[in-house]
Amino acid sequence: MTIRKLTAADEPIFYEMCEEFFHSSAVCHPIPMAHHVATFQELLQADTYLFGYLMEVDGEPAGFAILNQMMQQEAGGIIIWVECLYVREAFRSQGIGRQFLQFVAAEWKGKAKQLRLEVEPNNVRAKALYERMGYKVLPYQEMILSLDEVE
């Protein structure tokens, strides 16, 4: 497996995989294509807080991931938020998710305090992987306010 940063040439496959991911049971709800476009454009511009990766197996796109870097007081420093981690169905159960998370841990060891991610409770396979790798469940309930809805 090869892990590399997303480039402008990856735009079509990025959108294709986003649509697959955000229309699967691994997420709460689909998101509009405009969000994928905004994300990709930001990935191309941002180089200090947002990072996009493509995983390939034998030259075929096998998945993608998006990472956010941020300061978190609770952690006492920088954390890396695994915003998205998607492995295409044909490439699952080959260790790609595990290899990617190991890559991220090695890349950020000594530079960040924690890796964090979220997982749908019904995504049993992903949750089991994360727990085997040492991730712990946080007892938080996430809340959100859409600023588009604020008057």
Side-chain angles (χ1 to χ4, degrees), residues 1-57 60-72 75 78-109 111-138 140-148:
M1 179 185 68
T2 303
I3 300 170
R4 65 172 178 80
K5 287 200 173 179
L6 285 165
T7 68
D10 298 316
E11 189 171 14
I13 194 63
F14 175 77
Y15 295 150
E16 185 178 313
M17 287 191 293
C18 283
E19 284 293 295
E20 292 169 12
F21 179 56
F22 285 99
H23 287 88
S24 75
S25 62
V27 297
C28 292
H29 54 81
I31 63 173
M33 178 57 84
H35 291 198
H36 306 321
V37 172
T39 298
F40 193 79
Q41 295 308 309
E42 192 65 23
L43 280 167
L44 294 180
Q45 298 177 68
D47 61 354
T48 59
Y49 75 96
L50 188 65
F51 311 94
Y53 293 91
L54 184 69
M55 285 86 74
E56 295 175 315
V57 173
E60 292 294 318
F64 78 96
I66 299 172
L67 307 178
N68 278 292
Q69 174 183 306
M70 65 184 80
M71 167 62 194
Q72 187 184 54
I78 299 296
I79 69 162
I80 301 302
W81 183 267
V82 181
E83 176 74 25
C84 293
L85 174 54
Y86 174 65
V87 176
R88 298 179 113 174
E89 192 169 338
F91 296 95
R92 293 182 189 152
S93 298
Q94 297 179 29
I96 292 171
R98 178 183 46 77
Q99 288 177 58
F100 180 77
L101 291 171
Q102 289 170 332
F103 162 81
V104 173
E107 187 76 18
W108 289 94
K109 188 168 178 67
K111 299 181 243 178
K113 298 287 187 182
Q114 291 180 345
L115 298 181
R116 290 183 83 162
L117 51 77
E118 59 187 24
V119 61
E120 283 295 306
N122 65 350
N123 193 346
V124 177
R125 288 177 57 183
K127 189 174 179 189
L129 168 66
Y130 304 148
E131 288 174 343
R132 282 193 311 272
M133 294 185 74
Y135 286 77
K136 308 279 188 264
V137 175
L138 291 173
Y140 298 123
Q141 184 173 35
E142 190 170 345
M143 298 177 73
I144 188 169
L145 171 67
S146 176
L147 297 178
D148 292 338

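Side chains included, hydrogens not; waters and symmetry mates left out as well; all remaining heavy atoms used.
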### Message
Minimum heavy-atom separation for F51 and K5, please, with both atom names.
### Response
CD2-NZ, 3.8 Å
### Task
Examine distances only and state if a side-chain atom of D10 and a backbone atom of T7 form a donor-acceptor pair shorter than 3.5 Å.
yes
### Message
Could you work out, with side chain to side chain donor-acceptor pair (under 3.5 Å) as the rule, every residue matching T2, not counting sequence neighbours?
### Response
none
### Query
Does the side chain of Q102 come within less than 4.5 Å of M133's, by heavy atoms?
yes
### Task
Identify the heavy atoms of E120 and C28 that sit nearest to each other, and give their distance.
OE2-SG, 2.7 Å
### Query
Can you tell me how far CE of M70 sits from CG of L50, rounded to the nearest 0.5 angstrom?
10.0 Å
#### Entry: F91 side chain near E60 side chain, heavy-atom distance below 4.5 Å
yes
### Message
Could you measure the distance from the CZ atom of R4 to the CD atom of E56? Nearest 0.5 Å is fine.
### Response
4.5 Å
### Query
So do the side chains of L67 and W81 get within less than 4.5 Å of each other, counting heavy atoms only?
no
### Message
Between L129 and R98, does the side-chain contact (heavy atoms from CB on, under 4.5 Å) criterion hold? Intermediate values first, please.
### Response
CA-CA 7 Å; L129 168 66; R98 178 183 46 77; 3.8 Å; yes
### Query
Nearest heavy-atom pair of R92 and V87: which atoms, and what distance?
NE-O, 2.8 Å
### Task
Heavy atoms only: give me the nearest A26-N123 pair and the separation to one decimal.
CB-ND2, 3.6 Å
### Task
Please step through side-chain contact (heavy atoms from CB on, under 4.5 Å) for the pair S93 and R125, ending with a clear verdict.
CA-CA 9 Å; S93 298; R125 288 177 57 183; 2.5 Å; yes
### Query
How long is the span from the CD1 atom in I79 to the CZ atom in R116, to the nearest 0.5 Å?
5.0 Å
#### Entry: Gap separating the CD1 atom of I96 from the CE atom of M55, nearest 0.5 angstrom
7.0 Å
### Query
Of the non-hydrogen atoms in L6 and F14, which two are nearest, and what is the gap between them?
CD1-CD1, 3.8 Å
### Message
If I take atom CD from residue E107 and atom CG from residue L115, how far apart are they, to the nearest 0.5 angstrom?
### Response
11.0 Å
### Task
Taking all heavy atoms of R88 and all of P61, pick out the closest pair and write down the distance.
CD-O, 3.2 Å
### Message
Can you confirm whether L101 sits close enough to Y135 that some side-chain heavy atom of one is under 4.5 Å from a side-chain heavy atom of the other?
### Response
yes
Let me check something: any side-chain donor-acceptor pairs from residues 29-45 under 3.5 Å, sequence neighbours excluded? List them with distances.
residue: H36; atom: NE2; partner: E19; partner atom: OE2; Å: 3.1
residue: T39; atom: OG1; partner: H35; partner atom: O; Å: 2.8
residue: E42; atom: OE2; partner: Y49; partner atom: OH; Å: 2.4
residue: Q45; atom: NE2; partner: Q41; partner atom: O; Å: 3.3

### Message
Taking the ring of Y86 and the ring of F22, is the distance between their centroids below 6.0 Å?
### Response
no
### Message
Tell me whether the count of non-hydrogen atoms from other residues, nucleotides or ligands lying under 6.0 Å of NZ in K111 goes above 12.
### Response
yes
### Query
Do you see a donor-acceptor pair shorter than 3.5 Å between the side chains of E11 and Y15?
yes
#### Entry: CD on E118 to CG on L85, rounded to 0.5 Å
12.0 Å
